[in-house]
Peer 1: 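Encoded as structure tokens, here's the structure I'll be asking about.
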Amino acid sequence: MAELNPLSPRVPATRAVREVPDRVSLDGVEQRWDASWSQQGLYAFDRTAAREQVYSIDTPPPTVSGSLHVGHVFSYTHTDVVARYRRMRGAEVFYPMGWDDNGLPTERRVQNYYGVRCDPSLPYVEGFVPPHQGDAGSGGKSAKDQVPVSRRNFIELCVRLSAEDEQQFEALWRRLGLSVDWSRTYQTIGERARAVAQAAFLRNLARGEAYQAEAPGLWDVTFQTAVAQAELEARDYPGAYHRVAFHRTDGGGDVHIETTRPELLPACVALIAHPDDERYQHLFGSTVTSPLFGVELPVLAHPAAEPDKGAGIAMCCTFGDLTDVQWWRELRLPTRSVVGRDGRLLRETPDWITSDGGRALYADLAGKTTFSAREAVVAGLRDSGELDGEPVATQRKANFYEKGDKPLEIVTSRQWYIRNGGRDEELRAALLTRGAELGFHPEFMRVRYENWVNGLNGDWLVSRQRFFGVPFPVWYRLDEDGNPDHGNPLVPAESALPIDPSTDCPEGFTEDQRGVPGGFAADPDVMDTWATSSLSPLIVGGWLSDDDLFSRVYPMDLRPQGQDIIRTWLFSTVVRSHLEFGALPWSDAAISGWILDPDRKKMSKSKGNVVTPMGLLEEHGSDAVRYWAASAKLGTDAAFEVGQMKIGRRLAIKVLNASKFALSFGAADEPVSLDPAHVTRPIDRAMLAGLADVVEAATASLEAYDHTRALEVTETFFWTFCDDYLELVKDRAYAAEDDPEGAASARAALGIALDTLLRLFAPVLPFATEEVWSWWREGSVHRAAWPTAEPLRVAAGDADAGVVAAAGAALAALRKVKSEAKVSMRTPITAVTLTVPSPARASVELALGDVRAAGRVTGALRLVSGEDGTSVARDAELGVAEQRA
RNA sequence: GGGCGAUUGGCUCAGUGGUAGAGCGCCUCGUUCACACCGAGGAGGUCACUGGUUCGAACCCAGUAUCGCCCACCA
């Protein structure tokens, strides 16, 4: 007898069939197994595991104030397949879940839900009760109805509301079968996250990587906050070219420029043309006066002026666009801002406008939005005759804050920045190197990272003029006049974090010194949400709070995420990790694609696709939905296709039925054997040889983050296994009395194959495979070892995997005869000539007994070799199907 | 303007040099002794287009078109 080969190291090689149900079903498997896994702590992370054993995942925290959609189900399934595979490979998988409750969406939701708004100037109120609760109320919708509360109170309400949302999210994830360790969750506004965000910032500050600067920057007038480059979105925006006359002060006539922003005429500081532009050579060095306002301005040369744009000469205003900022900086032009932070023209008439007419006109513009100011200026230009012709409509691109609906303005403000290579070639090169070290899956996503880093035009602006968020943990001394000393911020000790400078005091000061000359003042700003989420691996890994854990999970193995946030979440995480540790935060990044509508548009709620994830799971079953998700490659957009889910459901049910059948050959007194020594028949060995190939292919694919290929090879094998192999050997497996050795061979082969297939399917179909596993095995399939090809090869010996295919083709030929004769497959064939391809003849002969049995060939079977590549049955004589008693 | 994907049967997609594949849908038939949430058989494609390389191209090269996306573009 061959050496017993334990295919499942953690389970005895044979085990009595316990309870294969008479009727199998997927009904209720999700609830049953989720409860069981949860109770067993099956996915709990063993924090005593050594680092080499750990596979850690930096799970994306979904935004709890939003709702989960099918895209989440899609991408989180991809991650779970990886997690389950790694766990079966023997890794201790660190798979936490975070909740993103930081940022604008949550702020708005809390405002509306509780009827409050955040006002950091207020003191904390113990036991605060919000005015109302729930989305239905109308009380909190408008700002004036909202009760102002301290930041600490606001954050408490946020955490409270998130907790409710989290329950629903967790319920969905559990139903989907995510193998998350639910004891390891975090919130991006939670205490740990605030402490980590502040500590990381203070370290950046101490090392000079974070700094403050007062500079013109992009500004959203609706949200009244500065906006970072990564949050920009270029959108089409209707505009019009206005051809406007400036007047030469030397009396030489008019100079015409074209502008889409005539309302910025009062902010004009110069006219600029390209130094080589012949048309304007003679004007360089001279001055002109602006129309309507009569302000005297120089005509200057700068290479950023493009001769073929507009009139080739531009008016430079402070500030109409980023080119204006460049000119202003490089030509050292004065600052003449007229647009305020609210997007309206400043109330006070600027002192650089001196003419009576100009001052009168400005007084009329003061307080107007840029839109109505534009109308007023155009009307004025028309009246004065300084508008040449009529405005020409144009479609242009304008920068928008991705959550805003008005074009961004440029205003000057004091902001915090973190260096990200945007103005530092050395750092940029280092971050490009980090990107090159990271394993992108799929590989082509790497260029998005590189494009982004190469296109950075400034450092990362991390401060936001909002009230809700992680506050900057700094204060400023106030001088005798009450002016803050921004150059020397006061910082807390790391051990005191998190703090809120609006309610906590810097060391050496008392609360009554807040805001008074000689005292101190808090930094009013909060951090960009990416400044917190860029630290997600540190937050969840226990950085600064649990060194032991941190050393076991960090740097992490995998960052799964969407392609849309490579420039934000992925890049900013790399930046923080590089600055703090000089290394990547993870070795690999798995980028999921979009879910598209049937009409190939990105799926969105607004388009009426109200497919709720829970509804999908209830309708099709979780394994089916997972199958659909797992069928799509990383980085590739996938269609939302119910049909694919139905196929997944069919597969899951087939797994149950085929397993039930394979196990039915055993009995309580005669256990299903997993002993490869029993597998003696060529076709049985051939099947195992084919299975060994499948194991190798599936394993190699999963190692390369190609779960679709792994699923495909497994599934293809499985259907052939069911349709051909199972049919071929079932009679022999039944006939234990006539041919004990043949029956034992078939039964052991079935058992080994089933055991292997269940493991191969487990990452994608966790519920169906666990259900079957429970019928005959101990423990969970999800903690069983991932199969390896070697023991299968040993069992297969020198068998050729082609035997199953050859026998299957022969069987198909026999079936075809019956199908064409339109008779039952049970119809006996009393005589037939079976022509098979010459190379397959030997294989068919090896399995001829099984072929005859499966084809119900009761009489003479003449086997001949053919030249053509297909198997054909001819001259068949058909009997009459007998009804079994 | 620069770049990245995609283009294969009605649909969704595999297939990186050697006689076009799968599933769904469709057609025909069968069937309840694993599986009607079923089985068997069948029809259906000049692989977007144009050139090139090669004994041989869905696959490699050059170019074109269409679709999607990323980056840049506010005079």
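The chains referred to below are lettered A, B, ... by the order of the sequence lines, with proteins before strands, and numbering in each begins at 1.
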Peer 1: Kindly point out which of B:A75, B:A34, B:C29 is positioned nearest to the side chain of A:Thr260?
Peer 2: B:A75
Peer 1: To the nearest Å, give me how far apart CZ (A:Phe444) and P (B:C70) are.
Peer 2: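 Interatomic distance, CZ of A:Phe444 to P of B:C70: 13 Å.
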Peer 1: Of the options B:G30, B:C29, B:G42, whose atoms approach the side-chain atoms of A:Ser824 most closely?
Peer 2: B:G30
Peer 1: Whole Å only: how far is the CG atom of A:Asn451 from the P atom of B:A72?
Peer 2: 9 Å
Peer 1: Cationic tip of A:Arg747 within the cone over A:Phe665's six-membered ring, i.e. under 6.0 Å and within 45° of the normal?
Peer 2: no
Peer 1: In whole angstrom, what separates A:Arg856's CZ from B:C33's P?
Peer 2: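 So the CZ-P distance, A:Arg856 to B:C33, works out to 13 Å.
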Peer 1: To the nearest Å, how far apart are A:Leu878 CG and B:G30 P?
Peer 2: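 Result: 14 Å.
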Peer 1: Answer with base, sugar-phosphate or nothing: what part of the nucleic acid does A:Arg567 contact at a heavy-atom distance below 4.0 Å?
Peer 2: sugar-phosphate
Peer 1: If you look at every strand shown and take non-hydrogen atoms under 4.0 Å, does A:Tyr237 touch a base, only sugar-phosphate, or nothing?
Peer 2: nothing
Peer 1: What distance, rounded to whole Å, do you find between the two C1' atoms, one in B:U28 and one in B:A34?
Peer 2: 26 Å
Peer 1: Would you please confirm or rule out a distance under 4.0 Å between OP1 or OP2 of B:A72 and any side-chain N or O of A:Gln229?
Peer 2: yes
Peer 1: So A:Ala234, base contact, sugar-phosphate only, or nothing? Heavy-atom distance under 4.0 Å.
Peer 2: base
Peer 1: Suppose you measure atom C1' in B:A75 against the same atom in B:G3; what distance do you get, rounded to whole Å?
Peer 2: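 Per the computed distance, 27 Å lies between those C1' atoms.
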Peer 1: When rounded to the nearest Å, what value does the distance between C1' atoms of B:C27 and B:A48 take?
Peer 2: 30 Å
Peer 1: Would you indicate, yes or no, if B:A34 has its OP1 or OP2 atom less than 4.0 angstrom from a side-chain nitrogen or oxygen of A:Ser664?
Peer 2: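 Indeed not, no polar side-chain atom of A:Ser664 lies that close.
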Peer 1: Rounded at 0.5 Å granularity, tell me how far NE2 in A:His302 sits from OG1 in A:Thr323.
Peer 2: 9.5 Å
Peer 1: So what does A:Lys397 hit on the nucleic acid, given a heavy-atom distance under 4.0 Å: a base, only sugar-phosphate, or nothing?
Peer 2: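 Base contact.
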Peer 1: Calculate the interatomic distance between A:Leu656 atom CG and B:A34 atom P; express it in whole Å.
Peer 2: 16 Å
Peer 1: Rounding to an integer number of angstrom, what distance separates B:C47 and B:C4 when you compare their C1' atoms?
Peer 2: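 Going atom to atom, C1' in each nucleotide, I get 22 Å.
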Peer 1: Across the strands shown, which category fits A:Ala652 at heavy-atom distances under 4.0 angstrom: base, sugar-phosphate, nothing?
Peer 2: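 The residue A:Ala652 makes no contact with any strand.
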Peer 1: Can you tell me, in whole Å, how much space there is between the P of B:C26 and that of B:G15?
Peer 2: 27 Å
Peer 1: Could you check how far CZ of A:Phe718 sits from C1' of B:A22, rounded to whole Å?
Peer 2: 16 Å
Peer 1: Would you say A:Tyr734 places a side-chain N or O within less than 4.0 Å of OP1 or OP2 belonging to B:A34?
Peer 2: yes
Peer 1: Nearest to the A:Ala314 side chain among B:A14, B:A40, B:A75, which nucleotide is it?
Peer 2: B:A75
Peer 1: Once you apply a heavy-atom cut-off of 4.0 Å, does A:Trp719 come out as touching a base, just sugar-phosphate, or nothing?
Peer 2: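 Sugar-phosphate only.
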Peer 1: Decide whether A:Ser659 and A:Asn657 meet the rule of one side-chain donor and one side-chain acceptor closer than 3.5 Å.
Peer 2: no
Peer 1: Taking only N and O in the side chain of A:Lys818, is any of them less than 4.0 Å away from OP1 or OP2 of B:G39?
Peer 2: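 Result: no.
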Peer 1: Mind checking whether A:Trp628 and A:Phe74 have parallel, tilted or perpendicular rings, split at 30° and 60°?
Peer 2: tilted
Peer 1: Have a look at A:Asp723 and say if it touches a base, only the backbone sugar-phosphate, or nothing, with a 4.0 Å heavy-atom cut-off.
Peer 2: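 Result for A:Asp723 = sugar-phosphate.
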Peer 1: Mind calculating the distance between CD1 (A:Ile595) and C1' (B:U12) to the nearest angstrom?
Peer 2: 13 Å
Peer 1: Without swapping roles, check the side chain of A:Asp254 against the backbone of A:His256 for a donor-acceptor pair under 3.5 Å.
Peer 2: no
Peer 1: Is there a donor-acceptor contact under 3.5 Å from the side chain of A:Arg428 to the main chain of A:Val453?
Peer 2: yes
Peer 1: With a 3.5 Å cut-off and heavy atoms only, can you find an N or O donor on one side and an acceptor on the other between the side chain of A:Lys654 and the base of B:C35?
Peer 2: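 Donor-acceptor pair under 3.5 Å: yes.
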Peer 1: Which part of the nucleic acid does A:Glu715 contact within heavy-atom distance under 4.0 Å: base, sugar-phosphate only, or nothing?
Peer 2: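 It contacts nothing in the nucleic acid.
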Peer 1: Could you label the plane-to-plane angle of the A:Trp776 and A:Trp773 rings as parallel, tilted or perpendicular, counting under 30° as parallel and over 60° as perpendicular?
Peer 2: perpendicular
Peer 1: By the 4.0 Å heavy-atom rule, please label A:Cys722 as base, sugar-phosphate, or nothing.
Peer 2: base
Peer 1: For a quick test of reading the model: is some side-chain N or O of A:Lys646 closer than 4.0 Å to OP1 or OP2 of B:C24?
Peer 2: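 Answer is no, no contact under 4.0 Å.
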Peer 1: Could you check whether A:Ala230 gets within reach of a base, just the sugar-phosphate, or nothing at all, counting any heavy atom under 4.0 Å?
Peer 2: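 The residue A:Ala230 makes no contact with any strand.
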Peer 1: Measuring only the P atom in each nucleotide, how far is B:A20 from B:C24? A whole number of Å is fine.
Peer 2: 23 Å
Peer 1: Respond yes when some side-chain nitrogen or oxygen of A:Arg650 is under 4.0 Å from OP1 or OP2 of B:G39, and no when none is.
Peer 2: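 For B:G39, OP1/OP2 do have a side-chain N/O of A:Arg650 under 4.0 Å.
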Peer 1: With a cut-off of less than 4.0 Å, is there a side-chain N or O of A:Arg826 near OP1 or OP2 of B:U32?
Peer 2: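 Yes, within the criterion.
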Peer 1: Describe the nucleic acid contact of A:Thr323 in one word from base, sugar-phosphate, nothing, applying a heavy-atom distance below 4.0 Å.
Peer 2: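 It contacts sugar-phosphate atoms only.
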Peer 1: As a test of reading the structure: which of B:G42, B:C35, B:G23 is closest to the side chain of A:Ile647, going by heavy atoms?
Peer 2: B:G23
Peer 1: Using atom P of each nucleotide, how far apart are B:G44 and B:G5 to the nearest Å?
Peer 2: 36 Å
Peer 1: If you find the nucleotide of RNA chain B closest to A:Trp327 and the one closest to A:Ser659, which residue's nucleotide is nearer the 5' end?
Peer 2: A:Ser659
Peer 1: Using a 4.0 Å heavy-atom cut-off across all strands, classify A:Lys309 as base, sugar-phosphate, or nothing.
Peer 2: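 Base, at least one base atom sits under 4.0 Å.
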Peer 1: Verify the contact: side-chain N or O of A:Lys633 to OP1 or OP2 of B:G15, cut-off strictly under 4.0 Å; return yes or no.
Peer 2: yes
Peer 1: So does A:Arg448 get a side-chain nitrogen or oxygen closer than 4.0 Å to the phosphate oxygens (OP1/OP2) of B:G3?
Peer 2: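 A:Arg448 to B:G3 OP1/OP2: no side-chain N or O under 4.0 Å.
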Peer 1: When the distance from CE of A:Met445 to C1' of B:G68 is rounded to whole Å, what number comes out?
Peer 2: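 My rounded result for the distance is 12 Å.
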Peer 1: Look at all strands and tell whether A:Met315 reaches a base, only sugar-phosphate, or nothing, counting heavy atoms closer than 4.0 Å.
Peer 2: nothing
Peer 1: Measuring from the side chain of A:Ala639 (C-beta onward, heavy atoms only), which nucleotide among B:C74, B:C29, B:U12 has the closest atom?
Peer 2: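 Of the candidates, B:U12 comes closest.
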Peer 1: Take atom C1' in B:U8 and the same atom in B:C49, then report the distance between them in whole Å.
Peer 2: 14 Å
Peer 1: Is there a donor-acceptor pair under 3.5 Å between the side chain of A:Thr394 and the backbone N or O of A:Ala240?
Peer 2: no
